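What follows is a short report on a single structure.
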Protein chains: 2
Amino acid sequence: MGGRNGTRARTGPSMADVAALAGVSSQTVSRVSMGLDNVRPATREKVRSAMDRLGYAPNSAARALRYGSFGTIGMIAHRLARTGESRTVEAVVEAARVEGYTVTLVDLESPTSDDMTAAVARLGHQAIDGLVIVRAEAAGPETLALPPGLPVVVSDSRFVGHHPAVGADQTAGARLAVEHLLGLGHRTVHHVSGPDDSGPAQMRIDAWRATLEAAGRDVPAVVRGDWSAASGYEAGLRLARDPDVTAVFCANDETATGLLHALHEVGRRVPQDISVVGFDDIYLAEQLWPPLTTVAQDFREIGRRLVDLLLQQVRDDEALVDVHEAVPTRLVVRESTGPAPA
Amino acid sequence: MGGRNGTRARTGPSMADVAALAGVSSQTVSRVSMGLDNVRPATREKVRSAMDRLGYAPNSAARALRYGSFGTIGMIAHRLARTGESRTVEAVVEAARVEGYTVTLVDLESPTSDDMTAAVARLGHQAIDGLVIVRAEAAGPETLALPPGLPVVVSDSRFVGHHPAVGADQTAGARLAVEHLLGLGHRTVHHVSGPDDSGPAQMRIDAWRATLEAAGRDVPAVVRGDWSAASGYEAGLRLARDPDVTAVFCANDETATGLLHALHEVGRRVPQDISVVGFDDIYLAEQLWPPLTTVAQDFREIGRRLVDLLLQQVRDDEALVDVHEAVPTRLVVRESTGPAPA
DNA sequence: CGTTAACATGTTTACGTAAACATCATCCGC
DNA sequence: GCGGATGATGTTTACGTAAACATGTTAACG
């Protein structure tokens, strides 16, 4: 694995050292350390001062070994500075904190199945009680060799039936976006999608198509993106050439940002000429120009439920494979959408 | 602390179980597990299949206890979905992966000294070999009660002399931004700053002021921001009222985004009427409208050096308090800056 | 065929903590 | 003032791993 110090590393004073200095047994030190009350105040004080003098801190490895628990959740993500990713990471970290857990992050070099497997293997050797997998793009549920018995939750619904999953309600969200645009009088809605191998991206595509079909509208060809702003920019340049395009639904807000850029550049006005809707409601969405109409994901709730579901498995020691929770999304209407041009 | 399962948690099969099934000693299992070569192929195979059958995974707590090392770096950040934060987190996680380490994240509820102390206390009980503190806004170096002997690095230079620090070269970066604007003919440059209690924010203010003074220009009053896009928006509304304002240097790209929003809204053209420069070079900067001229931080390099410096202390077991590395910044000129209006 | 080296494998031990159990002192009521 | 209860403290042990040391087995060479 590497990374380890070959020999003994920083190992501070142990309970035995404190005990020797305080003139008590190490068990008494343990009692003080855990805050039990069956210790005489005078003794407690002796131990406390010995701890302070030596700079004692409990060894969490030993504790973990004793308890079989680390108070730590593992999390696998790819390119975590991306908007959706970082919001999810933040939310999971926050929810974990409330439960008294910390989060250990591993990022993937690439979202390939191999890298995912490597990451899982590395985390399997790490000190975690459970695992959260965020947007497992390329890796399918079958290809994942997880340590048996390790509780897992996933924020990608392709894993339903394999692992419990929590995610935004992609389908309803995409429908909201498309219906909003149709309601403004647009004849149809174009879509700049996420990458092929992403479950959420596929769900947004499907819901977009289904909504158009249900309304009896033409379904234009999907413009492939990859979540990036750059792909949105390119898509924008392409779509702007077609004067029939009056409404675009982007797979995420970054893509939408790039699209807006392209439209500004070629002089198409938003929303007068073209309306744009994003997905995620990133922090910057309301400060873009124009402020972006988007489908808000409740990241905080998603993080909370991911952690809940994970800890439920950790505590009860049973897998919940069939669970799939869809967290409601809501449309946030700002200024990037307007009535279809006459 | 909380969070622990009261009784024994998931504890899979141990080496002893594998050894029993394979008919060898646990030490042989250990050898196979560690990939040593002094095991007969036939024996290795027996052990391997026993491992597979039982679903054996090494217990990292026991390993950590044995080695005194976790292969894990702790990281404290606040609001980590923020641009600069998430880029730094990403960079540190990536650099740590290269070194064979994972990163345990704790986010602060608020950047107060109390919360910081609580976070440190919680991490002190966690399984980490060293600690990275990112932008310790409110908490000063003195107020931090760190576990003695725990290697620490900080990405905020107020900690120089207390802990080794790595950060972007704020001063040079701010100077680049201001000189760029002066070079375009602007008489002076206004500044929307970060929060009072931030070290980097203060350094950017100081460098902005020093550069203006060195050029013999008027130094306008600082407009206080708080890193957020919303604060940039408000600052923008305020600054737009003053027709003398032709150039604004924002403390970060989010603030700049909000500022652009405000300027668009009131009809001031960028860069024809007002030039805007940001700081950070977030992923979206080049896709904003107009694409944002900004001071790029080399987050990847910062992350790498933070991890290097930390692991150096971990491995050599000595503190490097006097180290302070400033990673060069560079100006990325895009379209939000232009010649001063005539 | 015997001696020895080289290698494979087993045994013992320590890492730091905390539960379980054992012991010892103190204080209460009669 | 004595038996028993209560509470404080000490002792033993196990958690899973891997280093250090010990032993056994095979092969090579004279």
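None of the values given here were measured: they were computed from a predicted structure. Note on naming: letters A, B, ... go to the chains in the order of the sequence lines (proteins, then strands), and numbering restarts at 1 for each one.
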CA sep, side-chain torsions, deciding dist, call: B:His163, B:Val153, side chain to side chain contact (heavy atoms under 4.5 Å, CB included)
CA-CA 6 Å; B:His163 302 290; B:Val153 293; over 6 Å; no
What verdict does the side-chain hydrogen bond (donor to acceptor under 3.5 Å, both in side chains) test give for A:Ser25 and A:Arg31, after you've listed the backbone C-alpha separation in whole Å, the side-chain angles of each residue and the deciding distance to 0.1 Å?
CA-CA 10 Å; A:Ser25 75; A:Arg31 285 190 260 258; 5.1 Å; no
A:Thr102/B:Thr104 under side-chain hydrogen bond (donor to acceptor under 3.5 Å, both in side chains): CA gap, chis, key distance, verdict:
CA-CA 7 Å; A:Thr102 51; B:Thr104 291; 5.1 Å; no
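Atom CE of B:Met15 is separated from atom C1' of D:dA19 by 11 Å (rounded to the nearest Å). The interatomic distance linking B:Arg66 (CZ) with C:dT12 (P) rounds to 16 Å, in whole Å. Atom P of nucleotide D:dA8 and atom CD of A:Glu45 are separated by 16 Å, given to the nearest angstrom. With rounding to whole Å, B:Leu65 atom CG is found 13 Å from D:dA19 atom P.
Checking C:dC15, C:dA18, C:dT17 against the side-chain heavy atoms of A:Ala62 singles out C:dT17 as nearest. Considering only the side chain of B:Arg40, C:dA8 comes nearest among C:dA8, C:dT17, D:dA19. Listed nucleotides: C:dT17, D:dC15, D:dA18. Nearest to the side chain of A:Arg63: C:dT17.
In DNA chain C, stems built from 3 or more consecutive Watson-Crick or G-U wobble pairs, each with both distances under 3.5 Å, span C:1-30 with D:1-30.
Side-chain contact between A:Leu320 and A:Gln312 is present, with heavy atoms from C-beta onward closer than 4.5 Å.
Residues meeting the salt bridge (Lys or Arg N to Asp or Glu O under 4.0 Å) test with B:Arg79, sequence neighbours left out: A:Glu90.
Taking side-chain N and O atoms only, A:Tyr56 has no distance below 4.0 Å to OP1 or OP2 of C:dG16.
Of the residues in residues 22-38 of chain B, those lying under 4.0 Å from DNA chain D by heavy-atom distance are B:Gln27, B:Ser30, B:Met34.
No donor-acceptor pair closer than 3.5 Å links the side chain of B:Glu99 to the backbone N or O of B:Val307. Looking only at distances, no side-chain donor or acceptor of B:Asp129 sits under 3.5 Å from a matching main-chain atom of B:Ile73.
Contact record, B:Leu80 with B:Leu105: CD2-CD1, 3.9 Å, taken as the closest heavy-atom pair.
Salt-bridge check for B:Glu301 with B:Arg304: passed, with a basic side-chain N closer than 4.0 Å to an acidic carboxylate O.
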